[in-house]
Amino acid sequence: MPFSPVIDTSLSVWTLAAVLTALYTLSGIARGWWNASVGKRRRLMRACLRIAPYVRHEYVMQHFGEPASEHKQTVRKYGTHAGNDEAESVLDDVELTVRTWPLGLLAYLVTWCNEDDEVLMYSLTTRSRLFRPRMSVGPHRITLGRTPLAALPGPDPEGSGPWHELGAHRFSYTEQHYFGNPGGYLHWAVGMSDAGSPLAPSIGCEGVTWAAAEVAEYRRGARINSVLIVGPAIDLDSVLPRGIAPDLDTVRLLELRHSARVALTARYDAARSAGERWMS
């Protein structure tokens, strides 16, 4: 008679509890990884697409929490004054509240609000290859960090801009777009900021006219990393080119790196310094 071993396939209560505990722990680790990586990027992208000119500051805070910085800045806004015969368009100085949110290591959000805390314009700047939101610029669709300037219509020679500056440490380049009713009567300023990524310094300085071939070559290679969406009639000459993104000299002072990366960098620097002292 052949021998067949008896195998007990039943699970005890303690074994089942251990299996369930392990599965729960693994699911928690998976949820934490998702919320800190892919899920976080998706939530931020959806939240950014919900922002628009004329929304309340409290509405923005519901999606992004408290801003990291806040300051006042004077800009020029078009208004109408009654003249002798008819109303005439004039420029008035208005003080806006500028608030900046660093969205982790992924991006920056900046809002410009009036005295009633109504968002008159806002900007989004990507600073990571992991954050590439799709956005509408009138009838066009762009991807921050990927779409070149040449994918949008060229600057109007008779209009304002483009705005550009190039210094020893800072640079900015911005073009304006307006599409009338198809664009909801909004203005878009798109371009490159030194606070974003990828970096593409402009090739001209303030007051210097580029050759047409140089402008075309630059627009083909430069990837848009910042977009400013303007609602009311703001005079963009009083805002651009720096206003397309947060001030780099301010946001780069924030410690935004991951704590583990900071610890590893500190240990690496300490080990390198010890090695250099030993070699000397």
Side-chain angles (χ1 to χ4, degrees), residues 34-70 96-114 117-149 151-152 172 174-177 179 183-199 223-232 234 236 239-240 242-248 250-252 254 256:
W34 176 267
N35 292 331
S37 56
V38 180
K40 179 180 180 180
R41 295 198 299 270
R42 294 184 62 181
R43 288 196 307 273
L44 287 177
M45 289 180 184
R46 289 197 299 265
C48 291
L49 294 178
R50 293 190 180 103
I51 307 301
Y54 309 113
V55 301
R56 297 176 297 109
H57 168 62
E58 290 81 2
Y59 177 79
V60 180
M61 289 181 56
Q62 290 177 5
H63 294 286
F64 300 99
E66 292 283 346
S69 63
E70 177 179 323
L96 302 184
T97 302
V98 185
R99 299 181 175 95
T100 301
W101 284 262
L103 306 181
L105 299 172
L106 301 177
Y108 293 113
L109 172 70
V110 181
T111 62
W112 303 64
C113 300
N114 59 14
D117 256 351
E118 180 184 36
V119 176
L120 301 187
M121 54 185 177
Y122 69 99
S123 69
L124 183 63
T125 299
T126 180
R127 57 190 300 256
S128 171
R129 290 177 296 177
L130 301 177
F131 189 73
R132 295 289 187 257
R134 291 275 293 171
M135 302 182 65
S136 295
V137 177
H140 303 274
R141 295 282 288 176
I142 68 169
T143 301
L144 280 187
R146 291 181 182 174
T147 302
L149 280 168
L152 297 175
S172 294
T174 310
E175 297 178 354
Q176 178 188 3
H177 296 281
F179 303 97
Y185 298 107
L186 300 178
H187 289 262
W188 284 267
V190 302
M192 268 62 58
S193 166
D194 47 14
S197 176
L199 299 177
R223 271 26 182 193
I224 301 170
N225 66 26
S226 299
V227 173
L228 175 69
I229 298 94
V230 185
I234 300 292
L236 292 181
V239 177
L240 299 176
R242 291 282 182 91
I244 194 176
D247 183 8
L248 178 62
T250 300
V251 295
R252 69 180 176 183
L254 297 172
L256 296 176

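At a threshold of 4.5 Å between non-hydrogen side-chain atoms, the residues Ile244 and Ser123 do not count as touching. Under the 4.5 Å side-chain criterion, counting only non-hydrogen atoms from C-beta, Leu96 is in contact with Asn114. Residues Thr100 and Thr250 are not in side-chain contact: their nearest non-hydrogen atoms beyond the backbone lie 4.5 Å or more apart.
Closest of all the heavy-atom pairs between Arg99 and Glu70 is NE-OE1, 3.2 Å. Taking every heavy atom of both residues into account, Ile224 and Pro148 meet most closely at CD1-O, 4.1 Å. Contact between Arg223 and Gly145 at its shortest, heavy atoms only, is CG-O, 3.6 Å. Taking all atoms of both residues into account, the shortest heavy-atom contact from Pro53 to Gly231 is CB-CA, 3.7 Å.
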Report the C-alpha separation of Cys48 and Leu103 in whole Å, then their side-chain angles, then the decisive distance to 0.1 Å, and conclude whether the side-chain contact (heavy atoms from CB on, under 4.5 Å) test is met. CA-CA 10 Å; Cys48 291; Leu103 306 181; 4.2 Å; yes

Determine, stepwise, if the pair Leu149 / Met192 fulfils side-chain contact (heavy atoms from CB on, under 4.5 Å). CA-CA 9 Å; Leu149 280 168; Met192 268 62 58; 3.3 Å; yes

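In this structure Arg132 satisfies the side-chain hydrogen bond (donor to acceptor under 3.5 Å, both in side chains) test together with Thr126, sequence neighbours excluded. Among residues two or more places apart in sequence or in another chain, the side-chain hydrogen bond (donor to acceptor under 3.5 Å, both in side chains) test is passed with His187 by Gln176. Applying the side-chain hydrogen bond (donor to acceptor under 3.5 Å, both in side chains) rule to Thr174 yields no partners; only residues at least two apart in sequence or on another chain are considered. Scanning for side-chain hydrogen bond (donor to acceptor under 3.5 Å, both in side chains) contacts around Thr111 gives an empty result, with sequence neighbours left out. With sequence neighbours left out, Arg56 forms a salt bridge (Lys or Arg N to Asp or Glu O under 4.0 Å) with Glu58. Under the rule for a side-chain contact (heavy atoms from CB on, under 4.5 Å), the partners of Leu199 that lie at least two apart in sequence or sit in another chain are Phe171. Annotation: salt bridge (Lys or Arg N to Asp or Glu O under 4.0 Å) contacts of Glu66 (sequence neighbours excluded): none. For Ser172, the side-chain contact (heavy atoms from CB on, under 4.5 Å) partners at least two apart in sequence or on another chain are Glu165, Pro241, Arg242. With sequence neighbours excluded, no residue forms a ring pair (Phe, Tyr, Trp, His ring centres under 6.0 Å) with Tyr185.
The side chain to side chain contact (heavy atoms under 4.5 Å, CB included) test with Arg127 is passed by exactly one of Val251, Asn225, Leu105: Leu105.
Every pair passing side-chain hydrogen bond (donor to acceptor under 3.5 Å, both in side chains) that includes a residue from residues 188-198 is listed here, sequence neighbours excluded: Arg170-Asp194. For residues 117-136, there are no ring pair (Phe, Tyr, Trp, His ring centres under 6.0 Å) pairs, not counting sequence neighbours.
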Residues 133-141, side-chain donor-acceptor partners within the protein, below 3.5 Å, at least two apart:
unit_1 : atom_1 : unit_2 : atom_2 : d
Arg134 : NH1    : Thr143 : OG1    : 3.2
Ser136 : OG     : Arg141 : NH1    : 2.9

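Below 30°, between 30° and 60°, or above 60°: for His63 and Tyr59 the angle between ring planes is above 60°, a perpendicular geometry.
For the atom pair OH of Tyr108 and CG of Asp247, the computed distance is 10.5 Å after rounding to the nearest 0.5 Å.
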